[in-house]
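Inspection log for the structure reproduced underneath, given as structure tokens.
Order of appearance sets the numbers: ligands from 1, and atoms from 1 within every ligand.
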Amino acid sequence: MTFEIVTIPCLSDNYAFLAHDSAEGVTLLVDVPEAAPILNVLEDRKWDLTHVLLTHHHWDHVDGLGDIMDHHSPQVIGAKADAHRLPPLNLEVAEGDEIKIGSHTGQVFDISGHTIGHIAVYFERDAVVFTADSLMALGCGRLFEGNGDMMWKSMSKLRALPDDTLVCSGHEYTASNAKFALSIDPENPELIERAAKIAADRADGRATVPSRLGLEKATNPFLRPDCPRIRAALDLVSATDAQVFTEIRARKDNFK
Ligand code: ZN
Ligand code: FE
């Protein structure tokens, strides 16, 4: 079986995810912004939490873990590079490692940039990748610890995955991301269409996360520094992809 994915809104704009296989009795939780909404879903579905993956050390991705551990006894997985600032881990992983969730195999990517040590995990058979605050729906995380070169390298790893991959990212920032994306790529028909759908979804209170990687490749400016239209708009026609990416990230920081 492939994972059943449940998206759980937490705090004001965070998402946690459950990946569940009922035949195997495994349930993976990705990030723990707060415990209550996650415990409610687990109780409703009568699922026993077997694994937790922490993508990075920021409080809004780990703070609920203590309360989860009062009710479940999952194996806790996180980056070896971040073990000193994450809650206690049962399994420390690094780029190239494989994580086994029952028969499901996840491939670990180092996607430093937002923080140094941020990881993503890609389950090929399930066609899902957990990206938290690196690649986001129509955006990417701020560069708190890394630089543009580093984040572009991380984004390039994710961009190489298949188009049908489901991108499970950490925040509902998509509506403001759409405004920025349109400001530098206003003539992209797929972006125009997506922005209209996002506005309608948000007006009705629907989540815009997760999203498909193929749509991100077509519309997310942070995956498109090689797009001639964007390069022309930024007056960076002959710059490297990393330089264009860095400029896009800087403009987003100052976008109102
Ligand atoms: Zn973060
Ligand atoms: Fe976050």
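Taking the N/O/S atoms of D133 in turn, the shortest distance to the Zn ion (ligand 1) belongs to OD2. Per residue H171, closest N, O or S atom to the Fe ion (ligand 2): atom name NE2. Distances from the Fe ion (ligand 2) to each N, O or S atom of D60 single out OD2 as the nearest.
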Report the C-alpha distance between H171 and Y15 in whole Å, list the side-chain angles of each, state the deciding distance to 0.1 Å, and finish with yes or no for ring pair (Phe, Tyr, Trp, His ring centres under 6.0 Å).
CA-CA 6 Å; H171 290 269; Y15 289 116; 8.3 Å; no
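Rounded to 10°, the angle formed at the Zn ion (ligand 1) by H114 NE2 and H58 ND1 is 80°. Rounded to 10°, the angle formed at the Fe ion (ligand 2) by OD2 of D133 and NE2 of H61 is 90°.
Among L28, T105, V129, T165, the one residue that satisfies the side chain to side chain contact (heavy atoms under 4.5 Å, CB included) test with F123 is L28.
The Zn ion (ligand 1) has an N, O or S atom of H56 under 2.8 Å away, backbone or side chain.
For the pair I119/F109, no side-chain contact is recorded, criterion being any heavy-atom separation below 4.5 Å from C-beta on.
In this pair, H56 and H118 present their aromatic rings parallel. The plane angle is below 30°, not in the 30 to 60° band.
A donor-acceptor pair shorter than 3.5 Å cannot be found between the side chains of D133 and H58.
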